[in-house]
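These notes concern the structure reproduced below.
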Amino acid sequence: MIPMTFTKVPHFAYLPRASHCSSYHVPSTCLRPLKPSPLSSPSPPHLHRRRRRSAMAIGDSLWRPTPPPPDTLPFELKIESDFDRIVSPDGLVSVCGFGSLLSETSARSTFPDLINFRVAKLNGFRRVFAHVAPIFFERGIANPETKEISSLSVEPCESETLVVTTFEIQRSEIPSFIEREHEFRFLAVTLETFNGLLYTTPSVLCARYTDEEYFLNRCKGNEETLFQRYGRYGIHKIWLDDILPCRVYLRHCVLAAKNLSEAAYENFLDHTFLGDRKTTIREYLVNKGAGIMEEEPPLQLKHRYGG
């Protein structure tokens, strides 16, 4: 076990758009070029002025009480009241899905009343398997012996573009959302349509946190809170770069992407990384992770992790 130590936490007034790959104090290795795909095909000339055009969806509006300037996105949502900055006039909050939430079935199991589930693009972030998820221990699908205990998060990386999903939930669901995604840094980000238009309302994104910030901000410096959430499972450090994806969860995410679209599937395989930020999931599944896609989840979790 690696003991958790806490150091002085850096101040984030907001998180500016990344000018290079950033993983919150981890090595930057995201100079990998995008593979040719529908995502990287040139946009028609009339779509190049992206700042001047926007996409409308349920929950979006031509008018917002305090629209955040585009240059300040993404910004961090530290406490519940911060979410009010991105609530639409009709009381909805947009959520961005990049892993299990690529599956509408999975999304509806978490948010039964969601509306307007759709596909979008997220620029400037990459997916990384680099944090321990206690839910995998609770459900009996974590394997500490092989270090196959990791869930998925995202982190800034200018050269990356992700195929994601987005949908709307009620503002009243935010407290339970924060509780369920307790270990993440919440960012407000701007998503894009496949036609190159920007959505008018920011979406909430679950991004990489740090152990120090998590302890101070989420656990309020309370060691008992940290123990109840992590320590009781023998977890003494949350964000790690030498762990591997939980097998059941990885299979679920790959199937979710495949069922979403061919573009989403190819994007997930080539733009999702292990903690080394070098090995893609496509490479992992034909080497050390070979056989994962042929394994069935436990019967009681078949629907939840069925893609």
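Atom set for the values below is all heavy atoms of this structure, side chains included, hydrogens, waters and symmetry mates excluded.
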Taking atom [atom1] of [X] and atom [atom2] of [Y], what is their separation to the nearest 0.5 Å?
X      : Y      : atom1 : atom2 : result
Leu244 : Thr146 : CG    : OG1   : 7.0 Å
Phe98  : Asn267 : CZ    : CG    : 13.0 Å
Leu250 : Leu285 : CG    : CG    : 5.5 Å
Arg180 : Ile135 : CZ    : CD1   : 10.5 Å
Glu168 : Asn116 : CD    : CG    : 5.5 Å
Ile243 : Ser151 : CD1   : OG    : 9.0 Å

Side-chain contact test, heavy atoms from C-beta onward, threshold under 4.5 Å: evaluate it for [X] versus [Y] and give yes or no.
X      : Y      : answer
Pro74  : Leu205 : no
Leu152 : Thr272 : yes
Asn143 : Arg247 : no
Ile235 : Phe137 : yes
Asp241 : Arg277 : yes
Ile141 : Pro298 : yes
Phe268 : Val254 : yes
Ile174 : Ile169 : yes

task = State yes or no: do Val128 and Val154 share one hydrophobic cluster built from I, L, V, M, F, W and Y residues joined by side-chain heavy-atom distances below 4.5 Å, directly or via other members?
result = no

Pair [X] + [Y]: basic N to acidic O under 4.0 Å:
X      : Y      : answer
Glu295 : Arg251 : no
Arg127 : Glu160 : no
Glu80  : Arg171 : yes
Glu179 : Arg229 : yes
Glu181 : Arg218 : no

Test your reading of the model: is there a side-chain donor-acceptor pair from [X] to the backbone of [Y], 3.5 Å cut-off?
X      : Y      : value
Arg282 : Thr280 : no
Lys220 : Asn217 : yes
Arg85  : Phe83  : no
Asn195 : Leu197 : no
Arg232 : Phe227 : no
Asp82  : Ile79  : yes

note = The side chain to side chain donor-acceptor pair (under 3.5 Å) partner of Ser203 among Thr165, Thr190, Thr166 is Thr166

Determine the minimum heavy-atom distance between [X] and [Y], stating which atoms define it.
X      : Y      : answer
Gly306 : Leu255 : O-CD1, 4.1 Å
Ala264 : Leu260 : CB-CD2, 3.7 Å
Phe186 : Cys206 : CE2-SG, 3.9 Å
Ala130 : Gly275 : CB-CA, 4.4 Å

ask   = Can Glu155 and Arg126 be said to form a side chain to side chain contact (heavy atoms under 4.5 Å, CB included), step by step?
value = CA-CA 6 Å; Glu155 60 190 29; Arg126 63 181 171 191; 2.8 Å; yes

Parallel, tilted or perpendicular: which fits the ring planes of [X] and [Y], with parallel below 30° and perpendicular above 60°?
X      : Y      : answer
Phe111 : Phe177 : tilted
His252 : Tyr305 : perpendicular
Tyr214 : His182 : perpendicular

task = Just do the side chain to side chain contact (heavy atoms under 4.5 Å, CB included) check on Ile238 and Tyr209 with the steps written out, would you?
result = CA-CA 9 Å; Ile238 303 169; Tyr209 221 0; over 6 Å; no

message = Assess the residue pair Val132 and Tyr233 against the criterion (side chain to side chain contact (heavy atoms under 4.5 Å, CB included)); give the C-alpha distance rounded to whole Å, side-chain angles, the decisive distance to 0.1 Å, and a yes or no.
response = CA-CA 10 Å; Val132 185; Tyr233 299 109; over 6 Å; no

remark   = Between Trp239 and the options Glu212, Glu213, Arg208, the side-chain contact (heavy atoms from CB on, under 4.5 Å) test singles out Arg208

key: Trace of the side chain to side chain donor-acceptor pair (under 3.5 Å) decision for Gln170 with Asp113   = CA-CA 8 Å; Gln170 294 292 329; Asp113 299 319; over 6 Å; no

ask   = Going through the checks in order, is the side chain to side chain contact (heavy atoms under 4.5 Å, CB included) test met by Arg185 and Glu76?
value = CA-CA 7 Å; Arg185 183 193 308 277; Glu76 187 170 357; 3.3 Å; yes

